[in-house]
Every structure is written in structure tokens, then in C-alpha cells.
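Have a look at the structure below, then the notes.
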Amino acid sequence: MTLPVRRLAAPNPGPMTLTGTNTWVLPAPGGDVVIDPGPDIPAHLRALQAQTSPAAVLITHGHSDHVAALAALPPDVPVHAADPRIARGTEPISDDRRLRVAGIAVHAIPTPGHTADSVSF
């Protein structure tokens, strides 16, 4: 059975975020994989904590509207990111690699452009 990917849109609409920064939650056998936990906005943090059981986090890039909510997640949850200041419990992503995260296969591809630390999953 495949579980649906969930989208949590942060309540920060604007020219750069459109309807709000997206946080993606991928259900996995080992727990949820959260892509870009989002900004430090109380309503978004409450939704993130209520609707996820994170086993791992993937970061597309280090802008604060994508990573500030990391502080609300358990500190033992591994964080996969290109920026070594953000990666936690993992090696920073510096090259094209395949990861096994919470029981699912993820292909991490560095895609600098928007930022030097951009990664596509």
C-alpha cells in the first residue's frame, strides 16, 4: 500500500513563497521523511508537530523559510543537507548520491543555482 505524500503550506504567502512555503511529508516504513520543515511560524510549527512523526529530514536549501522549523523537531532526527551547518547526523550532500532514508530510496542531486546549497530529491 502506498500512502499519500502530504503537503503543509506555511502561512507566509508572498512574492517568493506564493501561497506559502511548502513542507512535504513522505510516509515511509521507518517514519515520516520531512522535506523542508519550513519557517518558524507558530501555526506552521503546530501543524508540523501534530501531523508528522519525523524519522529524517531532507533540506532543499538553507533559506530560513525552509529550515527554521528544524528547531521544533527532535534533535536526534537526522538532517540531510548540502550545507554542513544544517546537516545533522549525516555527511553533507556534496555529490549525486542515493540515500536510504527511513526505509525508502531517495536520490539526492546537488542543483546549485537558486542557492549554492540547493539539492533536488
Side-chain angles (χ1 to χ4, degrees):
M1 172 171 70
T2 302
L3 298 173
V5 171
R6 297 187 313 271
R7 174 182 165 260
L8 301 175
N12 64 338
M16 298 301 288
T17 60
L18 303 176
T19 60
T21 300
N22 290 318
T23 294
W24 297 97
V25 181
L26 311 175
D32 294 330
V33 176
V34 176
I35 301 176
D36 290 347
D40 183 5
I41 296 173
H44 186 69
L45 297 176
R46 284 191 300 275
L48 184 64
Q49 291 171 329
Q51 298 180 41
T52 64
S53 177
V57 175
L58 306 174
I59 300 295
T60 61
H61 65 287
H63 283 162
S64 65
D65 65 315
H66 291 257
V67 301
L70 277 173
L73 299 179
D76 60 338
V77 173
V79 178
H80 299 269
D83 187 333
R85 296 170 298 180
I86 298 170
R88 182 170 70 197
T90 65
E91 289 294 315
I93 298 167
S94 61
D95 56 355
D96 186 315
R97 72 174 66 158
R98 299 194 188 277
L99 308 169
R100 191 88 181 151
V101 180
I104 61 172
V106 176
H107 190 177
I109 305 167
T111 51
H114 178 63
T115 62
D117 70 334
S118 289
V119 179
S120 294
F121 299 102

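If you read the sequence from its start, that first residue is 1, and numbering goes on from there.
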**Asked** Do the non-hydrogen side-chain atoms of Gln51 and Asp32 ever get within less than 4.5 Å of each other?
**Response**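 Sidechains of Asp32 and Gln51: no contact.
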**Message:** According to salt bridge (Lys or Arg N to Asp or Glu O under 4.0 Å), who are the partners of Asp95, at least two apart in sequence or on a separate chain?
**Reply:** Arg97
**Message:** So, using salt bridge (Lys or Arg N to Asp or Glu O under 4.0 Å) as the criterion, who are the partners of Arg85 when residues are at least two apart?
**Reply:** Asp83
Could you grab the distance from atom [atom1] of [X] to atom [atom2] of [Y], nearest 0.5 Å is fine?
X     : Y      : atom1 : atom2 : result
Asp65 : Met16  : CG    : CE    : 8.5 Å
Asp96 : Thr111 : CG    : OG1   : 10.5 Å
Arg46 : Ile41  : CZ    : CD1   : 11.0 Å
His80 : Glu91  : NE2   : CD    : 11.0 Å

**Test ring-ring contact (aromatic ring centres under 6.0 Å, His included) applied to His44 - qualifying residues, sequence neighbours left out** = none
Closest contact, heavy atoms only, [X] versus [Y]:
X      : Y      : answer
Ala81  : Ala87  : O-CB, 3.8 Å
Thr23  : Asp36  : OG1-O, 2.7 Å
Ala116 : Pro112 : O-CB, 3.7 Å
Pro74  : Pro54  : CD-CG, 4.2 Å
Thr90  : Pro78  : CG2-CB, 3.8 Å
Pro110 : Ser94  : CG-C, 3.9 Å

**Request:** Any pair with a residue in residues 8-17 that passes side chain to side chain donor-acceptor pair (under 3.5 Å), sequence neighbours left out, goes on the list, sorted by first then second residue, please.
**Result:**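 Matches after skipping sequence neighbours: Asn12-Thr21.
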**Request:** Answer yes if Ile104 and Val5 sit in the same cluster of Ile, Leu, Val, Met, Phe, Trp and Tyr residues linked by side chain heavy atoms under 4.5 Å apart, and no otherwise.
**Result:**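 Yes, because Ile104 and Val5 connect within a single hydrophobic cluster, where side-chain heavy atoms sit under 4.5 Å apart.
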**Request:** Run the numbers on Ile93 and Phe121 for side chain to side chain contact (heavy atoms under 4.5 Å, CB included), then give the verdict.
**Result:** CA-CA 11 Å; Ile93 298 167; Phe121 299 102; 4.0 Å; yes
**Prompt:** Transitive ILVMFWY cluster of Ile86 at side-chain heavy atoms under 4.5 Å: who else is in it?
**Reply:**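 Result for Ile86 is Leu8, Val25, Val34, Leu48, Val57, Ile59, Val67, Leu70, Leu73, Val77, Val79.
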**Item:** Residue among Ile35, Val33, Leu58 satisfying side-chain contact (heavy atoms from CB on, under 4.5 Å) with Trp24
**Value:**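 Result: among Ile35, Val33, Leu58, Ile35 is the only option passing the side-chain contact (heavy atoms from CB on, under 4.5 Å) with Trp24.
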**Prompt:** Counting N and O atoms only, with roles assigned by atom type, does the side chain of Thr19 sit under 3.5 Å from a partner on the main chain of Pro13, one being a donor and the other an acceptor?
**Reply:** no
**Residue pairs passing the ring-ring contact (aromatic ring centres under 6.0 Å, His included) test where at least one lies in residues 82-116, sequence neighbours excluded** = His61-His114, His63-His114
